[in-house]
Amino acid sequence: MSLLKLFVILSISGLFLVVGYGIFINLFDFLEINVTPLPFCPEISPLTVGIQPVKWQIQTWYSMMENQTELQPGGHYTPQNCKSRHRVAIIVPYRNRNAHLRIFLNNIHPFLQRQQLDYRIFIIQQLKTGPFNRGMLMNIGFTEAQRIYNFTCFIFHDVDLIPENDKNPYNCVDSPRHLSVAVDVFKYQLPFKNIFGGAIAMQADQFKSVNGFSNQFFGWGGEDDDLFNRVNKKMMSIFRYSEEISRYTMIKHVKQYPNPSRFKILKESNYEVDGLNSLNYKLDLIEERNLFTLVAVDLKPA
Ligand code: BGC
Ligand code: MN
């Protein structure tokens, strides 16, 4: 063998060694990143700052998306440096409130991220005209969210409520929780003791045990009062944090015409036969948008 040949063979094998070693090291790094579990996030997030002014500017979808670099498709977020203690589904009933939705998302994403939550935002859109059914859309959100992830906590949230204080934890406790205790339009005071509307948090088992919301409330009002009754019937009590923490701004809008039959429906409501177990709808679209998971449906009265 000539010296030249030997030289070429040695150089080529050397090259293979170097490249092979490189691949090996990279693979090792890669595996190490994926195998070493992240530590749990602290019980109380060090990233929260307290009361923050509402950001009212209505941004374009594009600029909101550009600001949310850490968000995964479908409006799903997980903290990068620690494993969240809570897997939270935010369920938001929706129809024809584009400006509200943009203000909501632009405020709520940074808010939830400061709490180091593993969360996903679900926008449940009622497609057809006709009276809005908030309770039914909540039930659909719960049902569809459970299909895609093992959430520990469900937050049922109006699109026109903006939480002001990020010390208000968007997680669940052993009792169903009422979040929107102090809303600006009610002078930051609880309007009445049994109010259970606006924003609430329930664990999956709590929500299942009351059979979810009633599907019978078409139009404004009553479905939240009915959920309150359901929770009471199941001997659960409602938990609230202080008014200082549970502060909200409501986005101004014309009040919907209240459903005059709501008191009658409330009286006749039977949680055993009306709720998650009698839910009927047509799923038109479920799609991972950049800032949320869209669930668009046609409601079918039971
Ligand atoms: C309605 C509820 C509503 C509450 C506060 C009640 O009369 O039935 O749906 O949340 O008023 O506005
Ligand atoms: Mn409203």
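Just so you know, these numbers use all the heavy atoms, side chains as well, and skip hydrogens, waters and symmetry mates. Counting convention: from 1, in listed order, for ligands and their atoms alike.
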*Asks:* So, D158 and the Mn ion (ligand 2): N/O/S under 2.8 Å, yes or no?
*Replies:*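 Here the distance criterion (N, O or S atom, under 2.8 Å) is not met by D158, so no.
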*Asks:* Just the distances, no angles: every ligand 1 N or O to protein N or O pair closer than 3.5 Å, one line each.
*Replies:*
from	atom 1	to	atom 2	distance (Å)
ligand 1	7 (O)	R262	NH2	3.1
ligand 1	8 (O)	G222	N	3.0
ligand 1	8 (O)	D225	OD2	2.5
ligand 1	8 (O)	R262	NE	3.1
ligand 1	9 (O)	G222	N	2.9
ligand 1	9 (O)	D224	OD1	2.5
ligand 1	9 (O)	D224	OD2	3.2
ligand 1	10 (O)	D224	OD2	2.4

*Asks:* For S269 and I265, indicate whether the former's side chain and the latter's backbone hold a donor-acceptor pair under 3.5 Å.
*Replies:*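 No; judged by distance alone, with no hydrogens or angles, the pair does not exist.
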*Asks:* By side-chain hydrogen bond (donor to acceptor under 3.5 Å, both in side chains), which residues pair with E243, not counting sequence neighbours?
*Replies:*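 For E243, no residue satisfies side-chain hydrogen bond (donor to acceptor under 3.5 Å, both in side chains) once neighbours in sequence are set aside.
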*Asks:* Could you name each residue pair satisfying salt bridge (charged side-chain N to carboxylate O under 4.0 Å, His left out) that touches residues 178-195, not counting sequence neighbours?
*Replies:*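 Matches after skipping sequence neighbours: D184-K252.
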*Asks:* Any Lys/Arg nitrogen of R230 or E223 sitting under 4.0 Å from an Asp/Glu carboxylate oxygen of the other?
*Replies:*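 Answer for the salt bridge query: no.
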*Asks:* Can you see whether H76 engages D118 through a side-chain donor-acceptor pair at a distance of less than 3.5 angstrom?
*Replies:*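 A donor-acceptor contact under 3.5 Å links the two side chains.
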*Asks:* What is the OD2(D160)-the Mn ion (ligand 2)-NE2(H253) angle, to the nearest 10 degrees?
*Replies:*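 Vertex at the Mn ion (ligand 2): approximately 80°.
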*Asks:* Using the ring of each side chain (for Trp, its six-membered ring), is F122 parallel, tilted or perpendicular to F151, with breaks at 30° and 60°?
*Replies:*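 Judged by the thresholds at 30° and 60°, the geometry between F122 and F151 is perpendicular.
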*Asks:* Could you note down all residue pairs passing side-chain hydrogen bond (donor to acceptor under 3.5 Å, both in side chains) where residues 203-221 supplies at least one of them, sequence neighbours left out?
*Replies:*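 The answer is N139-N215, Q203-Q206, N211-N277, S214-D274, N215-S278.
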